[in-house]
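The basis for the numbers below is simple: all heavy atoms, side chains too, and nothing from hydrogens, waters or symmetry mates.
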Amino acid sequence: MIMEAIPFVLVGVLIAGLIQSFVTEQWIARVMPKNRVLSSLLGCSVGVFFPSCECGIVPITRRLLNKGVPLNAGIAFMLTGPIVNPIVVFSTFIAFGNDWTMAAIRAGMAFAVALAVSLTIALLFPTLPLRHANHFQHATAETAATSETPAHHLVAVGRPAWYARIYSVLLHSIDEFFSVGKYLVLGAFIAASMQTFVPTSTLLHLGSNPVTATLIMMALAFVMSLCSEADAFIASSFRSTFSTGALSAFLVFGPMIDIKNTLMLLGTFRTKFVIVLISLVALFTLVGALIVGRVWG
């Protein structure tokens, strides 16, 4: 599990480093809508262009928030990014027998859940609930200070030369990797332990009606902690046992909330915020899955 996740974490921390070094607060202020609904919609849509799974999405989100992205837009991106990107959509299409139906249901439901959660979060948390906000601001300033280059390393407009900025990307990426990596290892250990000691058959026997079936599939997604690029193949193996609604819950809830990224979230955000976030994702996923179940079976 760790070996599968590490490449995506590396991609995530490299993107976070690029954001830190090349994306300015002024640029974000120009492109980010002031309206909450529009900024949440933009956050949900940006995930289409980021082929990152849930293992690497938390450091990217943290860096975006530190750069001035509104909380609701950052959360919307964090929730949809691992699901709506082209790699995951295509893997879902392949896993379900070259059928676009489940891929479309998954992407659409993820978009709706993330939008609802992000708008609710905007109302409940008017201030940024980062666990170590001051620490990260200080670390960013300190890294920027140590990355200052002499005059002959600067281009005419006063910006650091390209090689100095690449060096800054690597510094930030290394810092992010060691910050997030410990939670990944601990989360993978807990997930593997639960898969070993909690019989899957016990959970499957409880899924006798739409509500319990949906809750069971959400619990399985949380415990199994699969990467979003591969979880559709596991979900497709349950087609004879669970309804489309329950399968959609598995495919949406798992990439948003599993053991690995829960620990990474706890290392990034305050505990109260993480509890509220998980509760909202679970609630809206349950509602969405029941609606899907009524429409598609």
Q) Do Leu123 and Arg36 have side-chain heavy atoms sitting under 4.5 Å apart? A) yes
Q) For the residue pair Phe233 and Ser236, what are the closest heavy atoms and their distance? A) O-OG, 2.8 Å
Q. Is the backbone N or O of Ala103 less than 3.5 Å from a side-chain atom of Arg106, with the two atoms forming a donor-acceptor pair by type?
A. no
Q.
Has Ser118 got a side-chain atom pairing as donor or acceptor with Leu115's backbone, closer than 3.5 angstrom?
A. yes
Q) Is any side-chain heavy atom of Phe284 closer than 4.5 Å to a side-chain heavy atom of Thr120? A) yes
Q. With side chains defined as the heavy atoms from C-beta onward, is the minimum distance between Trp296 and Ser243 less than 4.5 Å?
A. no
Q.
Tell me the closest heavy-atom pair linking Ala249 and Thr214, and the distance in Å.
A. CB-CG2, 3.5 Å
**Q.** Reported OG-to-CD1 distance for the pair Ser40 and Ile75, which is rounded to 0.5 angstrom
**A.** 10.0 Å
Q) Quick one: does Leu283's side chain get under 4.5 Å of Val117's, heavy atoms only? A) no
Q | Interatomic distance, Met264 atom CE to Ile259 atom CD1 [nearest 0.5 angstrom] | A | 11.5 Å
Q: Measure up the Phe273 and Phe269 rings against each other and bin them: parallel (under 30°), tilted (30 to 60°), perpendicular (over 60°).
A: tilted
Q.
Could you measure the distance from the CG atom of Leu64 to the CZ atom of Arg62? Nearest 0.5 Å is fine.
A. 11.5 Å
Q: Find out whether Val281 and Ile257 are in side-chain contact, i.e. whether some heavy atom of one side chain is under 4.5 Å from a heavy atom of the other.
A: yes
Q: Go through the steps to decide whether Val37 and Asn72 satisfy the test side chain to side chain contact (heavy atoms under 4.5 Å, CB included), and finish with yes or no.
A: CA-CA 9 Å; Val37 176; Asn72 58 297; over 6 Å; no
Q: Kindly give the heavy-atom pair with the smallest separation between Thr80 and Ala114, and that separation in Å.
A: CG2-CB, 3.2 Å
Q) Would you say Leu251 and Met102 make side-chain contact, with heavy atoms under 4.5 Å? A) yes
Q. Can you list the residues that meet the ring-ring contact (aromatic ring centres under 6.0 Å, His included) rule with Phe93, with sequence neighbours excluded?
A. Phe90, Trp100
(Q) Distance check, rounded to the nearest 0.5 Å: Leu42 atom CG versus Leu38 atom CG? (A) 9.0 Å
Q) Under a 4.5 Å cut-off applied to non-hydrogen side-chain atoms, are Pro82 and Val88 in contact? A) no
Q: Give a yes or no answer on whether the side chain of Asn261 reaches the backbone of Val58 with a donor-acceptor pair at less than 3.5 Å.
A: no
Q. If you round to the nearest 0.5 Å, how far is CZ of Phe253 from CE of Met218?
A. 4.5 Å
Q | Worked verdict on Met217 versus Thr285 for side chain to side chain contact (heavy atoms under 4.5 Å, CB included) | A | CA-CA 11 Å; Met217 289 305 284; Thr285 300; over 6 Å; no
(Q) Among Val292, Val295, Val252, exactly one meets side-chain contact (heavy atoms from CB on, under 4.5 Å) together with Ile105. Which residue is that? (A) Val292
**Q.** Val211/Leu290 under side chain to side chain contact (heavy atoms under 4.5 Å, CB included): CA gap, chis, key distance, verdict
**A.** CA-CA 7 Å; Val211 175; Leu290 293 176; 4.2 Å; yes
(Q) Please find the pair of heavy atoms, one from Pro70 and one from Leu65, that lie closest to each other, and give the distance. (A) O-CD2, 3.8 Å
Q) Any side-chain heavy atom of Phe111 within less than 4.5 Å of one from Ile83? A) no
Q) How many angstroms lie between OG1 in Thr268 and CG in Leu263, if you round to the nearest 0.5 Å? A) 10.5 Å
